[in-house]
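See structure below.
If you're wondering where the values come from, they're calculated on a predicted model, not measured in any experiment. Side chains included, hydrogens not; waters and symmetry mates left out as well; all remaining heavy atoms used. Residue numbers count from 1 along this sequence.
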Amino acid sequence: MLQVRAMATNPRTIIEKLPKPIRRGAETVRVMAALGVFSDPLKLVRQWRHRAEFQRLQKALFYHRYASALLLANEVGLFAALEKGGRTIEQTASELGVAPRAAEALLRILESEGAVERHGRRYQLSPFAASYLAPGSTFSVAPMLDLMAAQAFALAEVPRCMKSGGQPKVLDIFSKRGRYRAFLAAVNAFVDLAGRDFLNQVELPEVRDFIVGSMGVSMSALLLERFPKSRVTYGCLAHLVREIPRLREDYGVPADRVSGMHAHGGDPSADRWGDESYDLVFLTKKMILEPDQRMGEKFAAKAFEVLRPGGAVVLWETIHTDFRPTPLPRAMEAVMDLIASPTGLVNTENGVRSTLETIGYRNVEIVPCLGGQTTFVIARKPG
């Protein structure tokens, strides 16, 4: 009798019987009561005052774990394995070279996330995952998962680098031992999207010849399409130049539109950039490199030197606002910059304008793209 009465007055049992639209709010009140929030008016006021920020924090921590499962699955090759067809736990474990219990735990988590589906004893990719998580899919985000996994691996090094300078080894693009292929794939995939938005917003000079690096191959494809008579030159570090033919194939850059591919040493003041006569130069994330050497300014100055009168430099950089909080989507891109170059320069709107105008550029524009997720800067050499 007592047990029946307890069940009837159990708050959780009552809440489960409520209509779905009000169930979540009632559950929140129940949890707050269980934690004693209502017994302390000051605590209740603080909870109410910061409720929006606290909900954002809780959501961020939740999705950090959510993303961690996706990164782990991509890192061990689970999505690539299931792309070939359904697997049992034992088959998955054997193919990935992990313990069966580890495979089962990961598969069950991914099932809850909607990335895999269970059919009897076999797991397979969900239709969504087949389109967006399978490495071979046209819409795959696997390159970004590769980059984010590399950044997660580098995180332990970042506090030391914030004190002493330098870059985490795994993210050092100057090193052949770093995960530079992850950088190349992810950046080109992102610039392919952001570049379309950028080119739709700006007017460019007539482009006959232009130069990009290995992280701008996707942008080169967009520019070649925009200017049918143009030709591209590629220049980058030697180990990155070796990756360009594969990237050209990925983005459909024909060989007869390529003027040359040149290996550089990484110091723009010492390197020769092909024929050194261009209508456009595209630079990616140069402003955060080797800040003590002002390497970004050296790249911008070199670009000014090789541009024809009336030509333009385009920089893909995170640009902070000067006197108000940086828009959150843009700040989230800056997190990736901070991990890659912990003591890199903080580029503000007025700061980057001043830097480029001091070099000699005019008509500097900062162009937010993809709803404010990222920014390009375009500046012209006087005609």
Side-chain angles (χ1 to χ4, degrees), residues 12 15-16 20 23-24 27-28 31 55-158 168 170-171 178-190 192-193 246 250 332-333 335-336 339-340 373:
R12 181 165 53 81
I15 289 171
E16 289 173 352
K20 189 175 182 180
R23 196 181 302 160
R24 178 176 296 180
E27 176 64 11
T28 300
V31 171
Q55 287 174 355
R56 178 186 291 176
L57 173 61
Q58 286 184 309
K59 187 178 293 186
L61 295 175
F62 173 85
Y63 279 108
H64 176 78
R65 297 192 294 274
Y66 185 103
S68 295
L70 299 178
L71 297 182
L72 181 57
N74 185 69
E75 193 75 1
V76 299
L78 188 144
F79 297 133
L82 295 186
E83 188 174 22
K84 305 170 189 174
R87 300 284 193 276
T88 65
I89 290 171
E90 292 74 17
Q91 289 170 332
T92 302
S94 176
E95 189 164 344
L96 302 185
V98 302
R101 288 192 294 272
E104 180 181 7
L106 184 55
L107 285 166
R108 284 179 175 272
I109 292 168
L110 295 172
E111 181 184 26
S112 295
E113 293 187 357
V116 302
E117 297 174 344
R118 196 183 339 181
H119 298 274
R121 295 185 63 248
R122 299 171 71 84
Y123 287 84
Q124 66 183 47
L125 293 179
S126 67
F128 165 77
S131 294
Y132 289 95
L133 298 174
S137 170
T138 303
F139 306 107
S140 178
V141 299
M144 183 57 70
L145 295 179
D146 288 337
L147 178 57
M148 292 181 68
Q151 291 177 322
F153 184 80
L155 198 59
E157 274 194 86
V158 173
V170 71
L171 298 178
R179 294 181 63 166
Y180 57 85
R181 290 186 180 89
F183 255 115
L184 290 180
V187 168
N188 274 286
F190 185 76
D192 181 46
L193 297 175
R246 174 180 56 80
D250 290 343
M332 293 303 94
E333 183 178 76
V335 173
M336 304 179 81
I339 295 173
Q373 288 185 52

D192: what forms a side-chain hydrogen bond (donor to acceptor under 3.5 Å, both in side chains) with it, not counting sequence neighbours?
R196
How long is the span from the [atom1] atom in [X] to the [atom2] atom in [Y], to the nearest 0.5 Å?
| X | Y | atom1 | atom2 | value |
| --- | --- | --- | --- | --- |
| Q373 | F190 | CD | CZ | 5.5 Å |
| L133 | F128 | CG | CZ | 5.5 Å |
| L78 | Y123 | CG | OH | 11.0 Å |

With sequence neighbours left out, write down each residue that passes salt bridge (charged side-chain N to carboxylate O under 4.0 Å, His left out) with [X], or none if nothing qualifies.
| X | value |
| --- | --- |
| E117 | none |
| R246 | E243, D250 |
| E95 | K84, R87 |

Qualifying salt bridge (charged side-chain N to carboxylate O under 4.0 Å, His left out) pairs with a residue from [range], counting only residues at least two apart or across chains:
| range | answer |
| --- | --- |
| residues 66-79 | E75-R179 |
| residues 125-137 | none |
| residues 120-137 | E90-R121 |

Distance-minimising heavy-atom pair for G136 and E83
N-OE2, 2.9 Å
For residues 128-147, which residue pairs pass the side-chain hydrogen bond (donor to acceptor under 3.5 Å, both in side chains) check, not counting sequence neighbours?
N74-D146
Using a 3.5 Å cut-off and no angle test, enumerate the donor-acceptor pairs between side-chain atoms of residues 55-69 and protein atoms at least two apart in sequence or in another chain.
from, atom 1, to, atom 2, distance (Å)
R65, NH1, L61, O, 3.4
Y66, OH, E113, O, 3.3
S68, OG, H64, O, 2.8

With a cut-off of 3.5 Å and sequence neighbours excluded, list every side-chain donor-acceptor pair involving residues 96-109.
from, atom 1, to, atom 2, distance (Å)
E104, OE2, R108, NE, 3.1

Are M148 and L70 packed together at the side-chain level, in the sense that at least one heavy-atom pair is separated by less than 4.5 angstrom?
no
With a 4.5 Å cut-off on side-chain heavy atoms, are L82 and Q124 touching?
no
Using only atom types and a distance under 3.5 Å, with no angle test, would you say the side chain of E157 pairs donor to acceptor with the backbone of A154?
no
Using the side chain to side chain contact (heavy atoms under 4.5 Å, CB included) rule, take F79 and L110 through it: C-alpha gap first, then chi angles, then the decisive distance, then the call.
CA-CA 10 Å; F79 297 133; L110 295 172; 4.2 Å; yes
